[in-house]
Amino acid sequence: SIYDIDLDATQARLEQLRKVVASAERVALLLQDDPDPDGIASAIALRTVLGRNRATTPLFSFGETTRAENLAMLRLLDVSIEKADTETLRAFPCVAVLDMQPAYFDDRLAHAHIVIDHHPRVTTIDAEYCDLRPQYGATATILTEYLEASEADVSQRLATALLYGIKSDTLMLNRQTGPADLRAFMSLYPLT
């Protein structure tokens with residue numbers, strides 16, 4: 001049978017997520033030190049799910065995007081990632097960590113309010129909202145489910161970014177790929 005998302009559970013998660021950001025005028029979306037397609041796509045998708053824009057919900061990284069294909073993705077999708085520092089992030093009422101967990105940043109990150117990741121838990125996570133799904137091959141898969149549950153309008157640009165995020169993190173669906181990843185891939189493919 002084809003894998004179906006648990007729409008009720010995903011909508012309940014979204015409600016919880018929206019409560020965390022409700023009073024926050026600005027939300028920082030934090031990616032790993034060398035942002036990859038899965039993290040980048042997940043951040044853009046989260047911004048869409050929250051109904052935010054670039055000005056109120058910028059992407060951040062402590063490092064630089066170095067790989068040529070990732071730089072090309074940023075250029076083609078017109079995405080900018082700002083340089084993060086501890087003080088800048090501290091000024092945000094809400095920080096979301098995507099495709100990564102707070103422990104990765106050591107003491108550079110004071111607090112993460114939201115954590116969404118597909119990697120196995122590394123340590124206890126003190127966040128108001130946490131969605132870890134190590135059985136998924138990509139964080140973009142989780143965000144694809146959020147988009148579907150929120151009935152958000154998925155642009156061709158966003159669908160392409162998510163599809164690329166899933167493809168790159170699962171090595172073209174050959175590594176750590178589960179039914180959820182295949183389902184997300186199939187739902188995104190016609191939109192790209």
Q: If you define the side chain from C-beta out and look only at heavy atoms, does anything of Thr56 sit under 4.5 Å from Asn53?
A: yes
Q: What are the two closest non-hydrogen atoms of Thr139 and His118, and how far apart are they?
A: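 Answer, listing the atom of Thr139 first, then His118: OG1-CD2, 3.1 Å.
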Q: Please state whether the rings of Tyr146 and Tyr129 are parallel, tilted or perpendicular, taking 30° and 60° as the class boundaries.
A: perpendicular
Q: Evaluate the criterion side-chain contact (heavy atoms from CB on, under 4.5 Å) for residue pair Met100 and Asp36; output intermediate values, then yes/no.
A: CA-CA 11 Å; Met100 195 58 47; Asp36 72 355; over 6 Å; no
Q: Could you tell me whether a side-chain N or O of Thr170 sits under 3.5 Å from a main-chain N or O of Arg175, the two making a donor and an acceptor?
A: no
Q: Take atom CG in Asp153; do more than 12 heavy atoms of anything else shown fall under 6.0 Å from it?
A: no
Q: Distance only, no hydrogens: is a donor on one side chain within 3.5 Å (strictly under) of an acceptor on the other, for Asn70 and Thr65?
A: no
Q: For residues Leu147 and Ile116: do they belong to one hydrophobic cluster (side chain heavy atoms under 4.5 Å, members Ile, Leu, Val, Met, Phe, Trp, Tyr)?
A: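 Leu147 clusters together with Ile116.
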Q: Apply side-chain contact (heavy atoms from CB on, under 4.5 Å) to residues Asp181 and Asp169 and explain how you reach the verdict.
A: CA-CA 10 Å; Asp181 302 298; Asp169 251 43; over 6 Å; no
Q: Quick one: does Arg52's side chain have a donor or acceptor within less than 3.5 Å of a partner on Thr57's backbone?
A: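 Judged by distance alone, no pair lies under 3.5 Å.
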Q: If you take all heavy atoms of Ser150 and Val49, which pair is closest and at what distance?
A: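 Heavy atoms only, the tightest pair is OG-CG2, 4.3 Å.
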Q: Please confirm whether the backbone N or O of Pro120 pairs with a side-chain atom of Gln101, one donor and one acceptor, at under 3.5 Å?
A: yes
Q: Working to the nearest 0.5 Å, report the span between CD of Glu82 and CG of Leu29.
A: 10.5 Å
Q: Quick check: do Ile142 and Arg13 have side-chain heavy atoms less than 4.5 Å from each other?
A: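 Counting from C-beta outward, Ile142 and Arg13 never come under 4.5 Å.
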Q: Report yes or no: does Asp99 contribute a side-chain atom to a donor-acceptor pair with the main-chain N or O of Asp38 at less than 3.5 Å?
A: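 Here the side-chain-to-backbone pair does not exist.
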Q: Taking only Lys NZ, Arg NE, NH1 and NH2, and the carboxylate oxygens of Asp or Glu, determine whether Glu15 and Arg18 approach each other closer than 4.0 Å.
A: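 So Glu15 does not pair with Arg18 through a salt bridge.
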Q: Which heavy atom in Leu132 sits nearest to a heavy atom in Cys130, and how many Å separate them?
A: CG-SG, 3.8 Å
Q: Show the nearest heavy-atom pair for residues Ala96 and Leu46, with the distance to one decimal.
A: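 The pair with the smallest heavy-atom distance is CB-CD2, 3.9 Å.
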Q: Under the side-chain hydrogen bond (donor to acceptor under 3.5 Å, both in side chains) test against Tyr136, which residue among Glu145, Gln176, His119 passes?
A: Glu145
Q: Is it possible for you to say whether Val97 and Val79 belong to one hydrophobic cluster, with membership spreading through side-chain heavy-atom contacts below 4.5 Å?
A: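 No, it is not one cluster - the side chains of Val97 and Val79 are not joined through contacts under 4.5 Å.
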Q: Quick check: do Leu59 and Leu31 have side-chain heavy atoms less than 4.5 Å from each other?
A: yes
Q: Is there side-chain contact between Thr86 and Asp107, with at least one heavy-atom pair below 4.5 Å?
A: no
Q: What class does the angle between the rings of His113 and His111 fall in, given that below 30° is parallel, 30 to 60° is tilted and above 60° is perpendicular?
A: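 Rings of His113 and His111: perpendicular, as their planes differ by over 60°.
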Q: Are Val27 and Ile44 connected into the same hydrophobic cluster when the rule is that any two of I, L, V, M, F, W, Y join if their side-chain heavy atoms are below 4.5 Å apart?
A: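 Yes, one cluster joins them.
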Q: Please tell me if the side chains of Thr141 and Thr144 come closer than 4.5 Å, counting only heavy atoms from C-beta onward.
A: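 Heavy-atom side-chain distance check fails, nothing below 4.5 Å.
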Q: Membership question, hydrophobic clusters at under 4.5 Å side-chain separation (ILVMFWY): are Met73 and Phe60 in the same one?
A: no
Q: Which value, rounded to the nearest 0.5 Å, describes the distance between Leu163 atom CG and Leu188 atom CG?
A: 6.0 Å
Q: Are Cys94 and Ile114 close enough that some pair of their side-chain heavy atoms sits under 4.5 Å apart?
A: yes
Q: Return yes if some donor-acceptor pair links the side-chain N/O of Gln32 with the main-chain N/O of Tyr104 below 3.5 Å, else return no.
A: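 No, because the side chain of Gln32 does not come within donor-acceptor range (under 3.5 Å) of the backbone of Tyr104.
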Q: How many angstroms lie between CG in Leu143 and CZ in Arg47, if you round to the nearest 0.5 Å?
A: 12.0 Å
Q: Quick check: do Leu77 and Ile40 have side-chain heavy atoms less than 4.5 Å from each other?
A: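 Leu77 does not reach Ile40 side chain to side chain.
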Q: Can Asp78 and Arg54 be counted as an ion pair, charged N to O under 4.0 angstrom?
A: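 Counted as a salt bridge, because a side-chain N and a carboxylate O are separated by less than 4.0 Å.
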Q: I need the minimum non-hydrogen distance between Phe62 and Asp85, along with the two atoms involved.
A: CE2-CA, 3.6 Å
Q: Do Gln16 and Glu128 touch side chain to side chain, with heavy atoms closer than 4.5 Å?
A: no
Q: Rounded to the nearest 0.5 Å, how far does CG of Leu158 lie from OG1 of Thr48?
A: 4.5 Å
Q: Could you go step by step and tell me if Phe185 and Thr177 meet the side-chain contact (heavy atoms from CB on, under 4.5 Å) rule?
A: CA-CA 11 Å; Phe185 188 90; Thr177 307; over 6 Å; no
Q: Output the distance between atom CD (Gln156) and atom CG (Leu191), rounded to the nearest 0.5 Å.
A: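 One finds 9.0 Å between CD of Gln156 and CG of Leu191.
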Q: Which value, rounded to the nearest 0.5 Å, describes the distance between Tyr189 atom OH and Leu162 atom CG?
A: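 The OH atom of Tyr189 sits 15.5 Å away from the CG atom of Leu162.
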Q: Would you indicate whether Glu64, at its atom CD, is surrounded by more than 12 heavy atoms from other residues, nucleotides or ligands within a distance under 6.0 Å?
A: no
Q: For the residue pair Thr88 and Phe92, what are the closest heavy atoms and their distance?
A: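 Scanning both residues completely, I find the closest heavy atoms to be O-CD1, 3.3 Å.
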Q: Answer with yes or no whether the hydrophobic clustering places Tyr164 together with Leu98; edges join I, L, V, M, F, W, Y residues whose side-chain heavy atoms lie under 4.5 Å apart.
A: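 In one cluster with Tyr164: Leu98, yes.
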